[in-house]
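Just so it is clear: chains get the letters A, B, ... in the order the sequence lines come, proteins before strands, and each one is counted from 1.
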Protein chains: 2
Amino acid sequence: MLNSPAPLDLVFQALADPTRRIMVERLSRGPASVSELAKPLSMSLSAVVQHLQVLETSGLVRSEKVGRVRTCQIEPATLQNAEAWINQRRALWERRFDRLGDDLATQNDDGDPTDSK
Amino acid sequence: MLNSPAPLDLVFQALADPTRRIMVERLSRGPASVSELAKPLSMSLSAVVQHLQVLETSGLVRSEKVGRVRTCQIEPATLQNAEAWINQRRALWERRFDRLGDDLATQNDDGDPTDSK
DNA sequence: CGGACTGTTAAGCATATGCTTAAGTATCAC
DNA sequence: GTGATACTTAAGCATATGCTTAACAGTCCG
């Protein structure tokens with residue numbers, strides 16, 4: 001039991017910050033050290049480390065230290081969980097829209113294609 | 001273009017709260033009034049209204065008042081924006097994994113397996 | 001060894017967030 | 001009009017968040 005089930009709360013919370021999204025974007029292109037992550041960001045290294053901790057707690061990022069360098073990488077499964085949640089909601093509302101379409105069709109049933117675009 | 005581009009910050013921030021995700025889930029199944037949204041939630045109506053404001057500010061929910069009832073519905077496009085962001089990151093890391101596979105294949109290509117461990 | 005490099009940790013601070021209670025406003029139903 | 005219904009708004013409060021600076025701790029290099 002190394003890592004927690006990474007609740008959606010923490011994942012979305014982590015993604016809510018633009019700095020952290022930049023870090024995730026960078027890591028989507030490949031692993032990076034802490035200072036590489038910090039390079040494009042205009043804030044102290046300390047702040048970057050704190051953002052990194054949020055990302056790791058959320059399960060979005062995993063890191064390992066070798067020598068004096070900590071190398072970070074994304075954990076795709078976690079991002080996919082977030083995506084999956086959104087997908088499931090979409091399934092609900094799309095189902096609803098389909099039924100709505102059926103109802104309209106039923107109402108207009110005797111062939112008059114009102115919105116023929 | 002009535003409203004602002006609904007920055008991802010606000011969308012992910014809105015989704016970070018479990019109460020608000022319950023509300024979004026409910027609205028994915030169809031429109032609801034404020035008190036209908038509040039029914040499954042163990043907090044004051046006032047708190048629910050405040051959550052609703054967060055959802056509306058994020059662009060995830062739209063609402064309209066008729067008589068004394070405010071009816072709320074989801075705004076699918078906004079959720080899809082969030083999904084799209086995740087999808088785009090995935091495109092990046094998948095591309096990377098593909099190249100990684102290529103490299104491994106190339107390295108092992110012409111038969112001299114010097115360190116076959 | 002000594003210094004540069006790469007983080008790490010702690011303290012402090014301003015602002016944001018998620019509630020609460022309490023008081024108010026605008027329907028609707030009789 | 002009276003009362004119930006359905007929010008709405010404001011104030012207050014505890015905790016969380018996003019930084020900062022400053023001091024500390026390993027690691028590598030000559």
Side-chain angles (χ1 to χ4, degrees), chain A residues 4 6-27 30-74 78 82, chain B residues 4 6-27 30-74 78 82:
Chain A
S4 49
L8 278 190
D9 289 39
L10 296 182
V11 178
F12 284 128
Q13 177 68 10
L15 293 177
D17 186 279
T19 298
R20 287 192 293 260
R21 283 202 307 280
I22 290 176
M23 294 169 74
V24 167
E25 166 122 36
R26 169 63 188 80
L27 293 176
S33 70
V34 175
S35 16
E36 275 166 3
L37 285 178
K39 211 166 286 174
L41 304 173
S42 42
M43 66 181 63
S44 72
L45 183 65
S46 179
V48 173
V49 170
Q50 288 169 64
H51 280 301
L52 182 59
Q53 270 160 6
V54 174
L55 287 170
E56 290 210 54
T57 302
S58 78
L60 280 169
V61 168
R62 179 166 39 97
S63 79
E64 192 193 357
K65 195 160 183 176
V66 173
R68 53 184 170 174
V69 173
R70 175 172 299 277
T71 302
C72 314
Q73 21 183 331
I74 36 158
T78 305
Chain B
S4 51
L8 278 191
D9 289 38
L10 297 182
V11 178
F12 285 127
Q13 178 66 13
L15 292 177
D17 186 280
T19 298
R20 287 193 291 261
R21 283 202 307 280
I22 290 175
M23 294 170 75
V24 167
E25 165 123 36
R26 169 63 188 81
L27 293 175
S33 71
V34 175
S35 16
E36 276 167 2
L37 285 178
K39 210 166 288 175
L41 305 172
S42 44
M43 65 181 65
S44 72
L45 183 65
S46 180
V48 173
V49 169
Q50 288 169 63
H51 280 300
L52 182 58
Q53 270 160 5
V54 173
L55 287 170
E56 291 210 52
T57 302
S58 78
L60 280 168
V61 168
R62 180 166 38 97
S63 79
E64 193 193 355
K65 194 161 185 177
V66 173
R68 54 185 167 171
V69 173
R70 175 172 298 278
T71 302
C72 314
Q73 23 184 329
I74 37 157
T78 304

message: Starting the side chain at C-beta, find the nucleotide from dC19(D), dT17(D), dG18(C) nearest to H51(B).
response: dG18(C)
- prompt: Looking at dC19(C), dC19(D), dC7(D), which one has an atom nearest to any side-chain atom of T19(A)?
  reply: dC19(D)
Show the nearest heavy-atom pair for residues [X] and [Y], with the distance to one decimal.
{"X": "L41(B)", "Y": "M23(B)", "value": "CD1-CG, 4.1 Å"}
{"X": "L8(A)", "Y": "A82(A)", "value": "CD2-CA, 4.0 Å"}
{"X": "R26(B)", "Y": "P31(B)", "value": "NH2-O, 3.4 Å"}
{"X": "S58(A)", "Y": "T78(A)", "value": "O-CG2, 3.6 Å"}

Rounded to whole angstroms, how far apart are [atom1] on [X] and [atom2] on [N]?
{"X": "M43(B)", "N": "dT21(C)", "atom1": "CE", "atom2": "P", "answer": "12 Å"}
{"X": "R20(B)", "N": "dT17(C)", "atom1": "CZ", "atom2": "C1'", "answer": "8 Å"}
{"X": "D9(B)", "N": "dG18(D)", "atom1": "CG", "atom2": "C1'", "answer": "13 Å"}
{"X": "L52(B)", "N": "dT8(D)", "atom1": "CG", "atom2": "C1'", "answer": "12 Å"}
{"X": "L10(B)", "N": "dT17(C)", "atom1": "CG", "atom2": "P", "answer": "9 Å"}

query: Contact class for S44(B) vs. all strands (heavy atom < 4.0 Å): base, sugar-phosphate, or nothing?
result: base
message: Closer than 3.5 angstrom, by distance alone: can the side chain of R20(B) be matched with the main-chain N or O of A14(B) as a donor-acceptor pair?
response: yes
message: Looking only at side-chain N and O atoms, does E56(A) offer a donor or acceptor that is under 3.5 Å from a partner on S63(A)?
response: yes
task: Assign each of D17(A) and T71(B) to its nearest nucleotide of DNA chain D by heavy atoms, then name whichever residue's nucleotide is nearer the 5' end.
output: T71(B)
message: Check this for me: does the side-chain of S46(A) come within 3.5 Å of the base of dT21(D) through a donor and an acceptor?
response: yes
message: When you measure only distances, ignoring hydrogens and angles, does the side chain of Q50(B) come within 3.5 Å of the base of dT8(D) through a donor and an acceptor?
response: no
query: Distance from L15(B) atom CG to L15(A) atom CG, nearest 0.5 Å?
result: 9.5 Å
Mind listing the N/O atom pairs, protein and nucleotides 24-30 of chain C, below 3.5 Å?
| residue | atom | partner | partner atom | Å |
| --- | --- | --- | --- | --- |
| dT27(C) | O2 | R68(B) | NH1 | 3.1 |

message: Check the phosphate of dT8(C) against K65(A), side-chain N and O only, distance under 4.0 Å to OP1 or OP2. Yes or no?
response: yes
